[in-house]
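Contents: one structure, followed by commentary.
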Amino acid sequence: MTIAWRRTLFLVFLITIWELGYRVFDWGWKFPSPLQTAEAFVDGFANGHLFGSILASMRRLLISFVISILLGTGLGFLFARFRFLDETFGFLVVALQTVPSIAWLPFAIIWFGLNDTSVIFITAIGATWTMSMASRTGIAQISKIHLRAARMMGTGNGLKLFYQVMLPAAFPHLITGVRVAWAFAWRALTAGELIGRGLGLGQTLQDSRDIGDTATLLCVVIIIALIGTISDHFCFKRLEDGIMVRFGLHAAKN
């Protein structure tokens with residue numbers, strides 16, 4: 001039996017248990033049945049609300065994610081190359097990484113107002129610290145012999161050495177950092193949209209909670225999980241596997 005069939009049968013089993021639980025324990029409006037959830041999906045996409053929320057959230061997420069990747073990779077490079085920065089600002093970044101992104105939302109509202117900029121700010125900050133630590137580790141573990149050889153071949157010590165040698169050599173760590181940063185960004189985005197204004201999955205959660213629409217609440221949770229799973233499996237994991245094969249860390253799959 002293939003993996004796809006196993007997963008399909010497991011989902012069928014879960015839905016069956018879910019339906020039985022709804023009927024036996026009489027959850028009522030507190031937790032929807034599979035049929036109610038399916039109806040909420042159909043209605044949400046039919047009137048365009050769920051689709052619009054997904055587009056709005058993905059726009060904020062992608063902007064924040066690109067910012068965090070660029071900032072995090074740059075910071076990691078500086079930490080790995082300059083010991084003074086690593087022992088000072090790098091130490092601060094480790095401390096900031098433990099602070100939940102949503103804790104910065106009051107400051108973001110004061111600085112930027114209750115708008116998209118505030119949500120993008122806390123989403124980006126939630127992923128930047130993780131990405132900086134991953135890139136720092138990847139660049140710091142590059143063999144000094146390889147760097148010395150690259151300089152002798154004419155890369156120098158500047159930007160050319162960074163993007164021709166350091167960046168490719170640190171890819172295995174970088175892609176791991178990207179996957180973790182993506183998860184952190186999703187969490188921060190949803191939390192920010194719960195409080196922020198405008199269309200988005202987080203705001204849909206808030207509106208559904210206010211009217212007791214648990215079916216739509218569950219739809220949003222499922223959508224977030226599906227987007228996260230699909231993006232990780234078909235994008236980040238394949239990219240990671242390709243990089244591992246290229247660097248000889250994994251055998252190529254037939």
Side-chain angles (χ1 to χ4, degrees), residues 1-65 100-102 105 116 119-120 122-123 126-127 130 178-240:
M1 185 180 292
T2 63
I3 295 176
W5 270 108
R6 289 195 198 104
R7 290 174 177 171
T8 302
L9 291 175
F10 181 67
L11 286 176
V12 172
F13 172 75
L14 284 181
I15 293 172
T16 303
I17 296 297
W18 176 8
E19 180 66 29
L20 287 174
Y22 178 81
R23 294 180 181 276
V24 172
F25 297 106
D26 193 22
W27 291 332
W29 67 273
K30 294 181 181 179
F31 196 82
S33 69
L35 180 59
Q36 291 170 336
T37 306
E39 290 175 347
F41 262 113
V42 173
D43 292 341
F45 281 105
N47 60 33
H49 182 72
L50 282 179
F51 187 69
S53 297
I54 292 172
L55 288 181
S57 291
M58 289 302 297
R59 180 181 62 83
R60 298 186 187 106
L61 181 68
L62 291 175
I63 293 173
S64 306
F65 191 59
S101 302
I102 195 64
L105 186 59
D116 274 10
V119 177
I120 291 171
I122 67 165
T123 305
T130 299
V178 166
R179 293 177 73 175
V180 177
W182 178 258
F184 271 74
W186 259 117
R187 296 171 188 175
L189 173 75
T190 307
E193 287 183 341
L194 281 169
I195 303 172
R197 293 177 179 172
L199 196 62
L201 292 173
Q203 191 58 48
T204 301
L205 281 173
Q206 180 75 0
D207 295 341
S208 301
R209 188 211 65 173
D210 291 341
I211 62 175
D213 185 1
T214 55
T216 302
L217 278 172
L218 188 57
C219 283
V220 175
V221 173
I222 293 173
I223 287 170
I224 293 172
L226 284 175
I227 293 175
T229 302
I230 291 170
S231 59
D232 184 78
H233 183 76
F234 290 101
C235 182
F236 301 131
K237 190 175 185 303
R238 290 192 177 186
L239 181 60
E240 182 182 35

Margin query: Determine whether Phe31 and Tyr22 satisfy the following criterion, side-chain contact (heavy atoms from CB on, under 4.5 Å), listing intermediate values before the conclusion.
Written below: CA-CA 8 Å; Phe31 196 82; Tyr22 178 81; 5.8 Å; no

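Put simply, the side chain of Leu194 does not reach to within 4.5 Å of the side chain of Arg209, judged on heavy atoms. Side-chain contact between His49 and Thr216: absent, with no pair of heavy atoms (C-beta onward) separated by less than 4.5 Å.
In this pair, Phe41 and Phe45 present their aromatic rings parallel. The plane angle is below 30°, not in the 30 to 60° band. The aromatic rings of Phe25 and Trp27 sit parallel to each other, their planes meeting at less than 30°, with 60° as the upper class boundary.
A donor-acceptor contact shorter than 3.5 Å is absent between the side chain of Thr190 and the backbone of Arg187. In this structure, Trp18 contributes its side chain and Pro32 its backbone to a donor-acceptor pair below 3.5 Å. Gln36 places no side-chain N or O within 3.5 Å of a backbone atom of Ala215 that could act as its donor or acceptor partner. A donor-acceptor contact shorter than 3.5 Å links the side chain of Thr214 to the backbone of Trp29. With hydrogens and angles disregarded, no donor-acceptor distance shorter than 3.5 Å links the side chain of Thr123 to the backbone of Ser64.
Going from atom CG of Leu189 over to atom CZ of Arg60 covers 7.0 Å, rounded to the nearest 0.5 Å. Taking OG1 of Thr229 as the reference point, atom CD1 of Ile224 lies at 11.5 Å (rounded to 0.5 Å). How far CD1 of Ile211 is from CG of Leu217: 8.5 Å, rounded to the nearest 0.5 Å. Between the CD1 atom of Ile227 and the CG atom of Leu201 there is a distance of 6.0 Å, given to the nearest 0.5 Å. Rounding to the nearest 0.5 Å gives a distance of 11.5 Å between CG of Leu35 and CD1 of Ile15. Interatomic distance, Phe13 CZ to Thr8 OG1, rounded to the nearest 0.5 Å: 15.0 Å.
The two residues Ala188 and Ile122 make their nearest non-hydrogen contact at CB-O, 3.6 Å. The minimum heavy-atom distance linking Gly228 with Ser231 is given by the pair O-OG, 3.0 Å. Closest heavy-atom contact between Leu50 and Ala40: CD1-O, 4.1 Å. Closest non-hydrogen pair, Glu193 versus Gly200, comes out as OE1-C, 3.7 Å.
Cation-pi geometry between Arg7 and Phe10 is not met: the NZ or CZ atom fails to fall both under 6.0 Å from the ring centre and inside 45° of the normal.
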